[in-house]
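Below you'll find the structure, written out as structure tokens, and then a few comments.
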Amino acid sequence: MEIVKVYERLLTEFGRQFWWPAETRFEMMVGAILTQRTTWSAVEVAIRKLKRKKLLNPHALANSNPQLVEAMVRQTGFYRQKARRIRKLANHLVEGYGGSVDRFLRKPWQELRSELRSLEGVGRETADVILLYAANQLVFPIDAYTQRFSRRFGLGDLDYEGLKAHFEEQMPKDLQVYKELHALIDELGKKYCKKAPECPSCILSDTCPKNLTDAIRPIST
DNA sequence: TCCCAGGCAGGGC
DNA sequence: GCCCTGCATGGG
């Protein structure tokens, strides 16, 4: 399968997604933590509440009341962890960069990645999502949808790093394509994999758009 | 009622 | 390295 082909099919099917939906890069990073194991609609509510309290900047969040932040992010689930983690992120930016998100994200990406990974609540996927959407680096994040998606192309034996390397090798070195493909795979997953999230042939089923089925036929056998 | 949603950390093996 | 569990709320 050629990933570019799949990308083009998905783009035709769903259109551009314009990820990441955030007004600032700090908001993007906070959103990346809040969206773990929850729906984006819940995150939107939390983001709105944080904004209303003027907490969506490093200094304000770092100096915020922990219980207040917990209340703001409650409906995203795991709210005690998440409140602590976004406050720690804010604190890290204030302590190390005078609260400058720009200075933080401008670091060499390998260095930035390990620094992100050292933060509580920032695992491989969250770090890579931040690298792509906030730091604008050519890094392709592998989330649960992308793993399911990949299994259908016979890539089931690759681990996170292997899968990531595979995508990065096949894809054009184009930020827009990276950002859109990740979003499009999620869109596909949300629309067509809900009823059978673990079904390895879900997007080959009747519920799939026909043109998408065509796109993946070559390697599905 | 049960299952899932754009994971992560910490433990065991 | 892989697998398990706790973390918690809200929607279908």
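Given the structure is predicted, the values throughout are model-derived calculations rather than measurements.
Between A:G123 and A:T38, the one whose closest nucleotide on DNA chain B sits nearer the 5' end is A:T38. With the nearest nucleotide of DNA chain B identified for both A:W40 and A:R117, A:W40 has the one nearer the 5' end.
Separating the CD atom of A:Q75 from the P atom of C:dA8 is a distance of 14 Å, rounded to the nearest angstrom. When the P atom of C:dG1 is taken as reference, atom CG of A:L158 falls 14 Å away, rounded to whole Å. Following rounding to the nearest Å, A:M72 (CE) and C:dA8 (P) show an atom-to-atom distance of 17 Å. Rounded to an integer number of Å, the gap from A:Q36 CD to B:dA9 C1' is 11 Å. Between A:Q147 atom CD and C:dC3 atom P there is a gap of 11 Å when expressed in whole angstrom units. Rounded to an integer number of Å, the gap from A:L116 CG to B:dC8 P is 11 Å. Between the CG atom of A:D157 and the P atom of C:dG1 there is a distance of 15 Å, rounded to whole Å. Rounded to whole Å, atom P of C:dG10 lies 13 Å from atom CZ of A:F78.
Remark: A:K54 NZ is loosely packed, at most 12 non-hydrogen atoms of other residues, nucleotides or ligands lying under 6.0 Å away. When the shell of 6.0 Å around CD of A:E23 is examined, it contains 12 or fewer heavy atoms from other residues, nucleotides or ligands. No more than 12 heavy-atom neighbours from other residues, nucleotides or ligands sit within 6.0 angstrom of NZ on A:K53.
Using a 4.0 Å heavy-atom cutoff across all strands shown, A:Y79 reaches sugar-phosphate atoms only and no base atom. Nucleic acid contact for A:T126: sugar-phosphate only, since backbone atoms but no base atoms lie under 4.0 Å from a heavy atom of the residue. In this structure, A:V43 reaches neither bases nor backbone, as no heavy-atom distance under 4.0 Å exists between it and the strands shown. Residue contacts for A:A144: at a heavy-atom cut-off of 4.0 Å it reaches the sugar-phosphate backbone alone, with no base atom in range. Nucleic acid contact for A:L34: none, since no nucleic acid atom lies under 4.0 Å from a heavy atom of the residue.
Proximity of A:R37 to the phosphate of C:dA8: no side-chain N or O atom is located under 4.0 Å from OP1 or OP2. Considering only side-chain N and O atoms, A:R74 lies under 4.0 angstrom from the phosphate OP1 or OP2 of C:dG10. When the side-chain nitrogen and oxygen atoms of A:R148 are compared with OP1 and OP2 of B:dA5, one or more of them lie within a distance under 4.0 Å.
Panel note: side chain A:E168, backbone A:F140; a donor-acceptor pair is recorded below 3.5 Å. Here the side chain of A:Y133 pairs a donor or acceptor atom with the backbone of A:K179 at under 3.5 angstrom. Here the side chain of A:R113 pairs no donor or acceptor atom with the backbone of A:L131 at under 3.5 angstrom.
Side-chain proximity of A:R80 to the nucleotides B:dA5, C:dA8, B:dC8 is greatest for C:dA8. Here the side chain of A:T39 is nearest to one of B:dA9, C:dC7, B:dA5, namely B:dA5. Considering only side-chain atoms of A:E125, the nucleotide from B:dA5, B:dG7, B:dA9 that sits closest is B:dG7. Side chain of A:Y145, nearest nucleotide from C:dG1, C:dC7, B:dA5: B:dA5. Here C:dC2 is the nucleotide among C:dA8, C:dT9, C:dC2 with the atom lying nearest to any side-chain atom of A:D159.
No hydrogens or angles were tested; on distance alone, a donor-acceptor pair under 3.5 Å links the side chain of A:Q81 to the base of C:dC7.
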